[in-house]
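All of these numbers come straight from a predicted model, not from anything done at the bench. Whatever order the structure lists them in is the order used to number ligands and atoms, beginning at 1.
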Amino acid sequence: MKVAIAKPFMGYEEAQAAYNVVKSGWVTQGPKVEEFEGEFAKYTGAKYAVAVSNCTTALHLALYDAGVAEGDEVICPSMSFIASANAIKYCNAEPVFAEVGEDYNIDIEDVKSKITSKTKAVLIVHQIGMPADIDAFKALCNEKGITLIEDAACGIGATYNGNKIGSHSKYVCFSLHPRKVISTGEGGMITTNSEEVYKSLKLLRQHGMSINDRVRHNAKTVVIESYDVLGFNYRMTDIQAAIGLVQLNKLDEILKLRNNIAETYFKEFGDIDSIQLPFPKEGKTTNFQSFSILIKESSKKDRNTIMQELLDCGIASRRGIMLAHLESPYAYKNVTLPVSEALADNSILIPLYAQMPQEEIQYVIENFKRILEA
Ligand SMILES: *Cc1c(COP(=O)(O)O)cnc(C)c1O
């Protein structure tokens, strides 16, 4: 048997939706993107949503719109996909890496100790769908007069204090990459509760163009657009948005399926002393974008051995969340982050995807237990 780490949950409906757009003759950002944005805002409970090409460009736009520029510092966890730090670099600003706690989320005490007069923003990451403490960071950022940006690349459908991720702050960035819970192939979304930010982001993602192509296409009199600010081409296509609309409709079902598999893992692995399972904290629910297991020191085997033995029986696994500060673009910073490093060295992601068949789930459980105990 071969078990993949993840698979997108897509089928005929998505293909049909994409085909309909192709047939319509309007394939780039247009009516489907607008509809998708409306549904995405409704789902998350945010006032507005702006679709972009991926979450990396979403993060770049959010930071740029917040005024992050050369000479500024932005505090973020090193423990994240490298795009979080890279987006800060795109603004010619400097990422300042903070520690995480044992729940993999950014540690507010460490963030406080790293705020300087140069700090312009704090970028928190909802790790593998587990929400960070948004309210605490909101309060801190308000007090210090700095901007809070949420990297919710993996966070769609997760909740914090009873509300969906996306509804809480000024800049929340989502990814629609196939490794996330719903996908448009590539894609991103920024939700905001600020009308001003909404208008600005719409301008910035489309070359700073004052009147968009669709308005000009439908106009009865000649319209000449102007370019009032330096913008970017970070558009999503209508083909992607049509797929996204179908995916959004399936999201609640996907969350239920993922949650069921996670519950089975909790039940089967809960009593094993040599590992620690993720623990959803009070007031938070996760979408189980990934299922992360920490291999404790008491384990007979180390993480890499376990990964190899899983692979030997056809089961894909991944190391836990990466650390940006150990990669070449950030090695010059020479930082050490003991908590993040210990978590990264000893955590493992095991297969979990919505349509995962029972036989695969059981195969993972049997083999993971056997490998840990042998
Ligand atoms: C996947 C991911 C990104 C990048 O998303 P893309 O849509 O691939 O650009 C950024 N941050 C985190 C935390 C991610 O997991």
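The protein atom (non-hydrogen) at minimum distance from atom 7 (O) of ligand 1 is S175 OG, 2.7 Å. The shortest contact between atom 11 (N) of ligand 1 and any protein heavy atom is with D151 OD2, 2.8 Å.
Set against the non-hydrogen atoms of C154, the atoms of ligand 1 under 4.0 Å away are 15 (O). Close contacts between ligand 1 and N54 involve ligand atoms 7 (O), 9 (O) [criterion: under 4.0 Å to a heavy atom]. Close approach to S80 involves these atoms of ligand 1, each under 4.0 Å from a residue heavy atom: 13 (C). Residue A153 approaches ligand 1 through these ligand atoms, each under 4.0 Å from one of its heavy atoms: 2 (C), 3 (C), 10 (C), 11 (N), 12 (C), 13 (C), 14 (C), 15 (O). Atom numbering of ligand 1 starts at 1 in the shown order; those under 4.0 Å from a heavy atom of V125 are 13 (C). Residue contact check: F81 has heavy atoms under 4.0 Å from atoms 2 (C), 3 (C), 4 (C), 12 (C), 14 (C), 15 (O) of ligand 1.
Between C55 and ligand 1, at least one N/O pair is under 3.5 Å apart. Among the atoms of T56, some N or O lies under 3.5 angstrom from an N or O of ligand 1. Note: no N/O pair closer than 3.5 Å links H177 and ligand 1 by distance alone.
Here the side chains of E195 and K199 are in contact, with some heavy-atom distance below 4.5 Å. The closest side-chain heavy-atom distance from N346 to K296 is not below 4.5 Å. No side-chain heavy atom of D151 sits less than 4.5 Å from a side-chain heavy atom of F81.
Residue contacts with ligand 1: K180 is included, with a non-hydrogen atom under 4.0 Å away. Note on ligand 1: S84 sits in its first shell, one or more heavy atoms being nearer than 4.0 Å.
Taking 4.0 Å as the cut-off between side-chain N and carboxylate O, K250 and E253 do not count as a salt-bridged pair.
Ring geometry for Y234 against F232 counts as parallel: the plane angle stays under 30°, on a 0 to 90° scale with 60° as the upper cut.
Taking the ring centre of F174 as origin, the terminal cationic atom of K180 falls outside the region bounded by 6.0 Å and 45° from the ring axis. Cation-pi geometry between K369 and F269 is not met at under 6.0 angstrom from the ring centre and within 45 degrees of the axis. Geometrically, K333 engages F97 in a cation-pi contact, judged by NZ or CZ lying under 6.0 Å from the ring centre and within 45° of the ring axis.
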